[in-house]
Asker: 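Below is the structure I would like to discuss, written out as structure tokens.
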Number of protein chains: 2
Amino acid sequence: MPRATAATQSRSLTEDRESDLEGFVGYNLKRAYLVFSADFRRALGRHGFGPRQFSALSLIVQFPQITQSELARKLGIERSGLVAIVDELEGRGFVARMPVPGDRRVQALAATKDGRTAYLHAREVVRSHEETLLSDLTPDELDTLNGVLRKIRESEA
Amino acid sequence: MPRATAATQSRSLTEDRESDLEGFVGYNLKRAYLVFSADFRRALGRHGFGPRQFSALSLIVQFPQITQSELARKLGIERSGLVAIVDELEGRGFVARMPVPGDRRVQALAATKDGRTAYLHAREVVRSHEETLLSDLTPDELDTLNGVLRKIRESEA
DNA sequence: TATTGTTATACTCTATAACTATA
DNA sequence: TATAGTTATAGAGTATAACAATA
């Protein structure tokens, strides 16, 4: 059971202290996600990458010839939503849509040389941005965080 | 499942036990947040509460006579974005805007009796939804998660 | 019939800028 | 001048539904 201690009473009303809201994991998760999201944009915005472009390119680099449907599945979004992301990556010359022999419905995705180079650079920027944001965490806390986030995701039906 | 294709056209970019993407805390945070967000809606949608309405009402109940500017600050959103949220809560009879003697620019917010009742009920639904989502976590993991999320939020400038 | 990629559309959440009425 | 609340607007991000081409 969550703790709604009586200590709240003695706290000032004008300063941010414990509140019901702060006790909810979902709310804290959202706020932490927004911190990461905003900092990601600050760090990678000038490189022309939003979070979605980066995520998609990462998987395309790592899974050459992945189809759009499969990529959407891995990203947890709808196929329709992926079109604009791939359009943009293709427009920047980072990704190419390629026909697949044997099934003409499918478009396989492949990163170009430019795409791979841009990804490797962006990846280092992301690592640096995460390192800064997580610098207050102990290695144990970091391990637990990653494990817990994974557990939560895997609980998804 | 990591796809351990030993023979790839280009050299592997990673330790290839898992994808680059899964190694980024920001990405895992986002996916976990989306799991919570979707389940929140499933659990509270029929009660007429979205996450924002719930968060705002929670703080209004807990900080009676809070102003809109102060509430927006606590929620980490802009004043302008709060207007629609308060409009909706007011339209449902959960919240009242009240004039403040001495400064006619300010609207203080107060939960009605209905609002407090609705909040207390919704709070239990949220607790139940979180308990289910977090049932695979040990108490230690849960404590660490909460502490870490707080640390991340507090690192925000 | 089912699936892939696509378009059209709408909804949520949020931010920016400008307005009004106060201070 | 500055602040509180508000309006208008725009931009991500996502979902649903439908369509054409292909299986």
Side-chain angles (χ1 to χ4, degrees), chain A residues 26-27 29-31 33-38 40-42 44-45 48-56 60 65-91 95-109 156, chain B residues 26-27 29-31 33-42 44-45 48-56 60 65-91 95-110 156:
Chain A
Y27 182 74
L29 209 44
K30 177 180 189 175
R31 295 296 298 261
Y33 156 64
L34 290 175
V35 170
F36 265 77
S37 180
F40 186 103
R41 283 168 213 282
R42 271 192 296 271
L44 266 91
F49 280 111
R52 304 189 309 160
Q53 284 73 29
F54 177 79
S55 301
I60 293 168
Q65 307 303 317
I66 192 173
T67 67
Q68 289 192 198
S69 289
E70 178 67 4
L71 178 55
R73 193 189 63 74
K74 278 189 195 296
L75 289 170
I77 64 176
E78 292 296 314
R79 294 188 328 274
S80 61
L82 189 59
V83 175
I85 301 172
V86 174
D87 281 351
E88 193 182 328
L89 289 173
E90 196 177 36
V95 159
R97 286 176 164 100
M98 299 167 58
V100 170
D103 190 340
R104 290 192 299 182
R105 292 173 305 184
V106 180
Q107 302 271 53
L109 302 173
E156 197 177 23
Chain B
Y27 182 73
L29 208 45
K30 178 181 188 175
R31 294 295 298 261
Y33 156 64
L34 289 174
V35 170
F36 264 78
S37 180
D39 193 70
F40 186 102
R41 283 168 212 282
R42 271 192 296 272
L44 267 90
F49 279 111
R52 303 189 309 160
Q53 285 73 30
F54 177 78
S55 301
I60 294 168
Q65 307 302 317
I66 191 172
T67 67
Q68 290 191 196
S69 289
E70 178 67 5
L71 178 54
R73 193 189 64 76
K74 279 188 194 295
L75 289 170
I77 65 177
E78 292 296 315
R79 294 187 330 270
S80 61
L82 189 60
V83 176
I85 301 173
V86 174
D87 282 351
E88 194 182 328
L89 289 172
E90 195 177 37
V95 160
R97 285 175 165 100
M98 298 167 61
V100 170
D103 190 340
R104 289 192 300 180
R105 293 173 304 181
V106 181
Q107 302 271 53
L109 302 173
E156 197 176 23

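Lettering of chains follows the sequences in order, A, B, ..., and the numbering in each one begins at 1.
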Asker: Whole Å only: how far is the CG atom of B/Leu34 from the C1' atom of D/dA15?
Answerer: 13 Å

Asker: Show every donor-acceptor pair shorter than 3.5 Å between a side-chain atom in residues 100-108 of chain B and any protein atom, with sequence neighbours excluded, or say none if there are none.
Answerer:
from, atom 1, to, atom 2, distance (Å)
B/Asp103, OD1, B/Arg105, N, 3.0
B/Asp103, OD1, B/Arg105, NE, 3.2
B/Asp103, OD2, B/Arg105, NH2, 3.1

Asker: Looking at every non-hydrogen atom in both residues, tell me the closest pair between B/Ser55 and B/Leu75 and how far apart they are.
Answerer: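 In terms of heavy atoms, the two residues are closest at CB-CD2, 3.8 Å.
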
Asker: Quick one: B/Leu82 CG to C/dT14 C1', roughly how many Å, whole number?
Answerer: 12 Å

Asker: Any N or O donor-acceptor pair linking the side chain of A/Arg79 to the base of C/dG5 at under 3.5 Å?
Answerer: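 Per atom types, the contact qualifies.
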
Asker: Go through the N and O atoms of the side chain of A/Ser80 and the base of D/dT16, and report whether any donor-acceptor pair is under 3.5 Å.
Answerer: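 Side chain to base: pair found, below 3.5 Å.
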
Asker: Angle class for the A/Tyr33/B/Tyr33 ring planes (parallel below 30°, perpendicular above 60°, tilted otherwise)?
Answerer: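 Parallel, since the angle between the ring planes stays under 30°.
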
Asker: Find which nucleotide of DNA chain D each of A/Glu78 and B/Ala108 is nearest to by heavy atoms, and output the residue with the more 5' nucleotide.
Answerer: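 Nearest-nucleotide comparison on DNA chain D picks B/Ala108.
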
Asker: Whole-Å distance between C/dT3 C1' and A/Gln68 CD?
Answerer: 13 Å

Asker: From D/dG5, C/dG5, C/dC13, pick the nucleotide closest to the side chain of B/Gln107?
Answerer: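 From the listed options, D/dG5 comes nearest.
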
Asker: Closest approach of B/Arg31 and A/Lys74, non-hydrogen atoms and distance?
Answerer: NH1-O, 3.1 Å

Asker: Starting from C1' on C/dG5, measure out to CD on A/Glu70 and report it in whole angstrom.
Answerer: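 Taking CD of A/Glu70 and C1' of C/dG5, I get 15 Å after rounding.
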
Asker: Is the phosphate of C/dT6, meaning OP1 or OP2, less than 4.0 Å from a side-chain N or O of A/Arg97?
Answerer: yes

Asker: Should A/Lys30 be listed as having a side-chain N or O under 4.0 Å from OP1 or OP2 of C/dT14?
Answerer: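 Checking A/Lys30 against C/dT14: at least one side-chain N or O falls below 4.0 Å of OP1 or OP2.
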
Asker: Can a donor-acceptor pair be found, under 3.5 Å and without considering hydrogens, that links the side chain of B/Glu70 to the backbone of B/Thr67?
Answerer: no

Asker: Would you tabulate the pairs of protein nitrogen or oxygen atoms and nucleotide nitrogen or oxygen atoms of nucleotides 21-23 of chain D closer than 3.5 angstrom?
Answerer:
from, atom 1, to, atom 2, distance (Å)
D/dA23, OP1, A/Arg104, N, 2.8

Asker: Output the rounded distance in Å from CG (A/Leu109) to C1' (C/dT6).
Answerer: 14 Å

Asker: How many whole angstroms separate atom CZ of A/Arg73 from atom C1' of C/dG5?
Answerer: 17 Å

Asker: Assign each of A/Val106 and A/Val83 to its nearest nucleotide of DNA chain C by heavy atoms, then name whichever residue's nucleotide is nearer the 5' end.
Answerer: A/Val106

Asker: Determine: side-chain N/O of A/Arg41 to OP1/OP2 of D/dG13, distance under 4.0 Å, yes or no.
Answerer: yes

Asker: Write down the distance between CZ (B/Phe49) and P (C/dT12), rounded to a whole number of angstrom.
Answerer: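 The distance from CZ of B/Phe49 to P of C/dT12 comes to 16 Å, rounded to the nearest Å.
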
Asker: Would you kindly give the CG-to-C1' distance between B/Leu71 and D/dT6, to the nearest whole Å?
Answerer: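 These atoms are roughly 15 Å apart.
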
Asker: If you compare all heavy atoms of B/Gly48 against all heavy atoms of B/Glu88, which two are closest, and at what distance to 0.1 Å?
Answerer: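 Closest approach of B/Gly48 to B/Glu88: O-OE2, 4.4 Å.
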
Asker: Taking C-beta and beyond as the side chain, do B/Gln65 and B/Met98 meet within less than 4.5 Å on heavy atoms?
Answerer: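 Yes. Closest side-chain heavy atoms under 4.5 Å.
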
Asker: Taking the side chain of B/Ser69 as its heavy atoms from C-beta onward, which of D/dA15, D/dA4, D/dG13 lies nearest to it?
Answerer: D/dA4

